[in-house]
Amino acid sequence: MKYYFFKTVRDGSRNRLNPLPFQTASDGTAIIQKLNTQVAAGGMKLREAYPIGTVFCSSMCELSARAGTPYYCAGDIYPILEGNSNYDFNLPTPTREMLDAYAEYKQKAKQEAAQTLFSGQGTPTAPKKLSLLEKIRKDRRYGVPDIDRDGFFVRESDWYLLIRNIITRTASMITGPSGTGKTELVCLAGKKLGLEVNIYNMGTMLDPISGLLGVHRLVQGGSVFDYAKFTEDIQKPGIILLDELSRAPLSANNILLPCLDSRRELPVDMAGGNGLRNIKVHPECVFIATANIGAEYTGTSQMDRALVDRFFMQEIEYMDADNEAKVLSKRCGIEPSDAKIIVETARTVRSLYTKGEVSSTLSTRETLGAGRMVADGWSVLEAMERNFLPFFEGTKTEGERGVVYKTFLRH
């Protein structure tokens, strides 16, 4: 008869019965030492009659599960006492066969333990510590956006890097061509992380002092400082999105710099009176900026190097043709064939721009605009004419517009 051996252990405030090591089940599989063991009626009383560390014998060890939690069933158990210990005459005692089996088990276990130690397999090793990237990849909350589910495409490497920067509160500046989805990408990341995204359009902020700090107002004959919404948003967890920072007036730099460096504060010296002069940025508030950098972007300014140095720079490019066509088809509800024509035409124009043959490029905004017109009943050619040609000088037969129009006909 096959016998199995267990030992009582203390697990927090509970008394458990666990299998001893180096045992195998009837089917040859290894018995897991850490699993709890259930015993037959009266077994709990028997376990409590002997001190923690007592070994028990049973002829049964069957794997079972309850609510998805595995455990062993041992049936009737018998205490195995050694040395001068005496059995309680009111409780069951093991047979001679059980005692001999235990002696044989100890000898075998000693040999296997020595062999395992010699091979190095028995040396306890600390579990491998996961890197932050590995943790992000494993966490379902941070799954890469899917075209079918989110109507958005981003490269996996770009997505995980943005998530990492937000989690670690690393101020980041996302650069890339206009229309690559920089702003939407940040908003989607905030949604996935459950963080509020407060967007500040820096390109339309003509007066950064009133837009970021506040203004004095006359109230009942006296002057009261009215703090800007920005001062409230930086005092709570979330994402501050400084959209199109490259278009911001240079005076915004001096206001933002102390928020982005080690000080993490916003000086408001102009408040006066009893108002706050230094507003601390919340530890869980992260700054993300977007910028269009390049000579083709009119209205942008050369950003101060001191400001740029406070950001982690992350560049986003146009998506590949297949995924851009899928996004276009998904968002606009048009035929994949029509989406493909629009995207391939736009990519040809982008290539002409890169070669210097035309002075402007076409972003995803323009391809989406064309897609929506097609969805509303216009032909692909009419939609591209309306959405693409206004960015170029000349006529359909001359100048840049003529060059671009030929690409329409080609596709």
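Since the model is a prediction, treat every value here as computed from it, not as a measurement.
- Cation-pi check for R347 over Y318 is not met; the charged atom does not lie both under 6.0 angstrom from the ring centroid and within 45 degrees of its normal.
- One distance of note links CG of L185 with OG1 of T180; it measures 9.0 Å at 0.5 Å rounding.
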**Message:** Applying salt bridge (charged side-chain N to carboxylate O under 4.0 Å, His left out) to R305 and D309, what does each step give before you reach the verdict?
**Reply:** CA-CA 6 Å; R305 182 58 188 263; D309 283 348; 2.6 Å; yes

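- When ring centroids are compared, F5 and F56 stay outside the 6.0 Å threshold.
- I163 CD1 to K135 NZ: the interatomic distance, rounded to the nearest 0.5 Å, is 15.5 Å.
- Between the side chain of D150 and the backbone N or O of F152, no donor-acceptor pair lies under 3.5 Å.
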**Item:** Worked check of salt bridge (charged side-chain N to carboxylate O under 4.0 Å, His left out) between R372 and E366
**Value:** CA-CA 10 Å; R372 294 188 187 102; E366 282 76 62; over 6 Å; no

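- Side-chain contact of D233 with Y200: a donor-acceptor pair under 3.5 Å is present, judged by distance alone.
- One N or O on the side chain of H216 and one on the backbone of M270 form a donor-acceptor pair closer than 3.5 Å.
- Taking CE from M205 and CG from L245, the interatomic distance works out to 10.0 Å, rounded to the nearest 0.5 Å.
- Within a 6.0 Å radius of CD in E335, no more than 12 heavy atoms belonging to other residues, nucleotides or ligands are found.
- Q235 places a side-chain N or O within donor-acceptor distance of the main-chain N or O of T231, the cut-off being under 3.5 Å.
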**Request:** Could you walk me through whether C332 and L368 pass side-chain contact (heavy atoms from CB on, under 4.5 Å), step by step?
**Result:** CA-CA 7 Å; C332 301; L368 285 170; 4.1 Å; yes

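- The heavy-atom pair separating A370 from A383 by the smallest distance is O-CB, 3.4 Å.
- For R310 (side chain) and L260 (main-chain N/O), no donor-acceptor pair under 3.5 Å exists by modelled atom type.
- For the residue pair S178/R365, the side-chain donor-acceptor check at 3.5 Å is satisfied.
- Residues V39 and C73 have side chains not in contact (no heavy-atom distance under 4.5 Å, counting atoms from C-beta outward).
- At least one side-chain heavy atom of L242 sits under 4.5 Å from a side-chain heavy atom of L256.
- Dense packing is recorded around CG of L409, with more than 12 heavy atoms of other residues, nucleotides or ligands lying under 6.0 Å away.
- Nearest heavy atom pair, residue I80 against residue Y102, reads CG2-CD2, 3.3 Å.
- Between Y353 and T348, every side-chain heavy-atom pair lies at or beyond the 4.5 Å cut-off.
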**Message:** For a side-chain contact (heavy atoms from CB on, under 4.5 Å) check, start with the C-alpha distance between V327 and M319, then their side-chain angles and the critical distance, and finish with the verdict.
**Reply:** CA-CA 10 Å; V327 169; M319 66 187 84; 3.9 Å; yes

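- Within a 6.0 Å radius of CZ in R155, other residues, nucleotides and ligands contribute more than 12 heavy atoms.
- There is a side-chain donor-acceptor pair under 3.5 Å between T397 and T395.
- You'll find the side chain of C285 reaches within 4.5 Å of the side chain of I240, heavy atoms only.
- No more than 12 heavy atoms of other residues, nucleotides or ligands lie within 6.0 Å of NZ in K7, so this atom counts as exposed by the packing criterion.
- Enclosure of atom NZ in K229 by more than 12 non-hydrogen atoms of other residues, nucleotides or ligands within 6.0 angstrom is indicated.
- Of all non-hydrogen atoms in A30 and Y72, the two that sit nearest each other are O-OH, 4.3 Å.
- The backbone N or O of K326 lies less than 3.5 Å from no partner atom in the side chain of S329, so there is not a single donor-acceptor pair.
- Residues satisfying the ring-ring contact (aromatic ring centres under 6.0 Å, His included) test with Y405, not counting sequence neighbours, are F408.
- More than 12 heavy atoms of other residues, nucleotides or ligands sit less than 6.0 Å from atom CD of E134.
- Within the 4.5 Å cutoff, the side chain of M373 has heavy atoms near those of the N387 side chain.
- Looking at R401, its side chain never comes within 3.5 Å of a backbone N or O of E398 through a donor-acceptor pair.
- Aromatic pair Y4/F6: centroids not less than 6.0 angstrom apart.
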**Request:** Begin from the C-alpha positions of D139 and R137 and carry the test side-chain contact (heavy atoms from CB on, under 4.5 Å) through to its verdict.
**Result:** CA-CA 6 Å; D139 197 322; R137 288 179 182 274; over 6 Å; no

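- Heavy atoms only, all atoms of each residue included: R47 and T37 are closest at NH1-O, 4.3 Å.
- Remark: the backbone N or O of R149 is paired with a side-chain donor or acceptor of D146 at under 3.5 angstrom.
- Listed here is the closest heavy atom pair of V286 and T170: CG2-O, 3.8 Å.
- The minimum heavy-atom distance between N292 and P177, with the atom names listed, is OD1-C, 4.1 Å.
- Aromatic ring pairs are classed by plane angle as parallel below 30°, tilted from 30° to 60° and perpendicular above 60°; the pair F225 and Y227 is perpendicular.
- In terms of modelled atom types and a separation under 3.5 Å, the side chain of K330 and the main chain of D148 share a donor-acceptor contact.
- With rounding to the nearest 0.5 Å, the separation of CE in M384 from CG in D338 is 9.5 Å.
- Contact annotation: the side chain of F311 never approaches that of I288 to less than 4.5 Å [non-hydrogen atoms, C-beta and beyond].
- Looking only at side-chain heavy atoms (C-beta outward), L130 and K138 come within less than 4.5 Å of each other.
- Salt bridge status for R350 with E317: absent, with no side-chain N to carboxylate O gap under 4.0 Å.
- The backbone N or O of T175 sits nowhere less than 3.5 Å from a side-chain atom of Q314 that would complete a donor-acceptor pair.
- A 6.0 Å sphere centred on CD of E357 holds more than 12 heavy atoms belonging to other residues, nucleotides or ligands.
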**Request:** Given side-chain contact (heavy atoms from CB on, under 4.5 Å), test L266 with I255 step by step and report yes or no.
**Result:** CA-CA 7 Å; L266 178 68; I255 297 174; 3.7 Å; yes

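- Dense packing is recorded around NZ of K236, with more than 12 heavy atoms of other residues, nucleotides or ligands lying under 6.0 Å away.
- Side-chain atoms of E244 and T290 form no donor-acceptor pair, as typed in the model, at a separation below 3.5 Å.
- For R16 (side chain) and D11 (main-chain N/O), no donor-acceptor pair under 3.5 Å exists by modelled atom type.
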**Asked** Can you list the steps and then say if R217 with D226 is a salt bridge (charged side-chain N to carboxylate O under 4.0 Å, His left out)?
**Response** CA-CA 7 Å; R217 301 187 188 281; D226 187 6; 2.8 Å; yes

